[in-house]
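Notes follow once the structure below has been shown.
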There are 2 protein chains.
Amino acid sequence: MSELRKRALIGAALCEIAERGSLDVTVAQIAGRAGVSAALAHHYFGGKEDLILATMRHLLAEFSSVLVSGLREAPDPRARLTAIVRGSFGREQFHHATISAWLTFYAKALSSEVAAWLLEIYQRRLNSNLVHALRALVPGKDAVRIAESTAALIDGVYLREALKGVPSTPESAIAVIERHIDLEIRAVQA
Amino acid sequence: MSELRKRALIGAALCEIAERGSLDVTVAQIAGRAGVSAALAHHYFGGKEDLILATMRHLLAEFSSVLVSGLREAPDPRARLTAIVRGSFGREQFHHATISAWLTFYAKALSSEVAAWLLEIYQRRLNSNLVHALRALVPGKDAVRIAESTAALIDGVYLREALKGVPSTPESAIAVIERHIDLEIRAVQA
DNA sequence: TGATTGATTGACTAATCAATCAATAGAGGT
DNA sequence: ACCTCTATTGATTGATTAGTCAATCAATCA
């Protein structure tokens, strides 16, 4: 029962945060959506902060698993890069709701030590994956630089997607990133 | 006195928001920093929401004026692009505080109609400036595409700067964007 | 001087919400 | 039947905070 309720509460928190576009969600709202009382949320998570952080961890873990499974199937370095890009824009759904939740967590990282720490781990892992794949294609120094700009571009495109009211397909977003990678690699190799 | 107090309150709100890394600032905190009572803030702005939005407008207006003056001095299209990039990363200060405030406003745009509208105006203007400068260098269709990816890259780099605890110089950030622009232009012209 | 007006505040209200707690219910074991 | 542990909740508390209001203060003007 414990795990079941925790999962339900995390899912409800995700929905509520995304729907309201803010971390100003009450425990009662989350619990209500999960079909339980607010007191139960406290029982299982200790406090609101822990529930929010658990939700964040869930999102990060989910992305991580998508990334790992994508990378496993990539045959060569360039395909690994594509896997990372597609993973970044294919996380569960490319839904406005999920993207909103991410942006909200980014904002939280400004004021929460733990949230910042969690995001840093995600960023480091993304960066390390990019660098690793790039090293097979360009000199090490360039790999680091290209990884950095690519990661920033991913975040930027993601951010703009969050603010865009209408949902769109990930394909156009992916194309932007892919082109950037291609241009950078070609520029170095030329 | 009216204008003086309003300016002081907006400045205080900016500081408070940036320092706490969140829009969860109380009217009392802002007013206290401005050296007045909370009641006065209500007197001048009507409500908390209006004060926050006025602060947002201030930030946007400030950026806009920096951009305009930078563009006026640019002798050719490529210099105009550089002016836009430098303006984006030279807004008043490249301070962690200011960047934090921007990210916080981005998050607010998810839940506030007016905030979203304000940000959209800023984005549209930035985009239009980029497209206009690019049209002199590449075909129209490419100009639109490059403007889009450049704007996203600017936002992405800015975002990462916000989360980075340590402050850094804008030069490295500017270099990333400039390189992206150069690569894109060269790829089209080739 | 006396009146008017704007600036300013302290005190108050009403609402919200996280967190706590005591109490109930049910399952499983003895 | 009795105990024990977990799940669950309604009620309550304590803290926070936006917004209001009546009262004061200061300057300007008639």
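One distance of note links CG of B:Leu67 with CD of B:Glu62; it measures 12.5 Å at 0.5 Å rounding. To the nearest 0.5 Å, atoms OG1 (B:Thr55) and CG (B:Leu9) are separated by 8.5 Å.
Side-chain contact, A:Thr82 with A:Arg78: a donor N or O sits under 3.5 Å from an acceptor N or O.
The pairing partner recorded for D:dA30 is C:dT1, the criterion being a Watson-Crick or G-U wobble arrangement whose two distances lie under 3.5 angstrom.
For the pair A:Glu16 CD and C:dC17 P, the computed distance is 11 Å after rounding to whole Å. D:dT16 atom P lies 18 Å from atom CD1 of B:Ile30, rounded to whole Å. Whole-Å rounding puts the A:Lys48 NZ to C:dT16 C1' distance at 11 Å. Atom C1' of nucleotide C:dA19 and atom CD1 of A:Ile52 are separated by 15 Å, given to the nearest angstrom. Atom P of nucleotide C:dA18 and atom NE2 of A:His42 are separated by 7 Å, given to the nearest angstrom. D:dG10 atom P lies 11 Å from atom CG of A:Leu40, rounded to whole Å. Taking atom CG of residue A:Asp24 and atom P of nucleotide D:dA18, one finds them 11 Å apart after rounding to whole Å. Here the C1' atom of nucleotide C:dG6 and the NZ atom of B:Lys6 are 14 Å apart, to the nearest Å.
Among D:dT8, C:dT8, D:dG19, the nucleotide with an atom closest to any side-chain atom of A:His43 is D:dT8. In this structure, of D:dT9, C:dG10, C:dA18, it is D:dT9 that holds the atom nearest to the side chain of A:Ser37.
Within 4.0 Å of B:Phe45, counting heavy atoms only, lies no atom of the nucleic acid at all. Within the 4.0 angstrom heavy-atom criterion, only backbone atoms of the sugar-phosphate kind lie near A:Thr26; the bases stay farther away.
Of the two residues contacting DNA chain C, namely B:Ala39 and A:Gly46, the nearest-nucleotide position lying further toward the 5' end is that of B:Ala39. Along DNA chain C, the nucleotide nearest B:Gly35 and the nucleotide nearest A:Val25 are compared for position; the residue whose nucleotide lies closer to the 5' end is B:Gly35.
In this structure, A:Gln189 places its CD atom where more than 12 heavy-atom neighbours from other residues, nucleotides or ligands lie under 6.0 Å away.
Annotation for B:Ala187 and A:Leu183: closest pair CB-CD2, 3.4 Å, computed over non-hydrogen atoms.
Using a 4.0 Å cut-off, no side-chain N or O of B:Tyr44 falls inside it from OP1 or OP2 of C:dG6. Note on A:Arg5: a side-chain N or O is less than 4.0 Å away from OP1 or OP2 of D:dT8.
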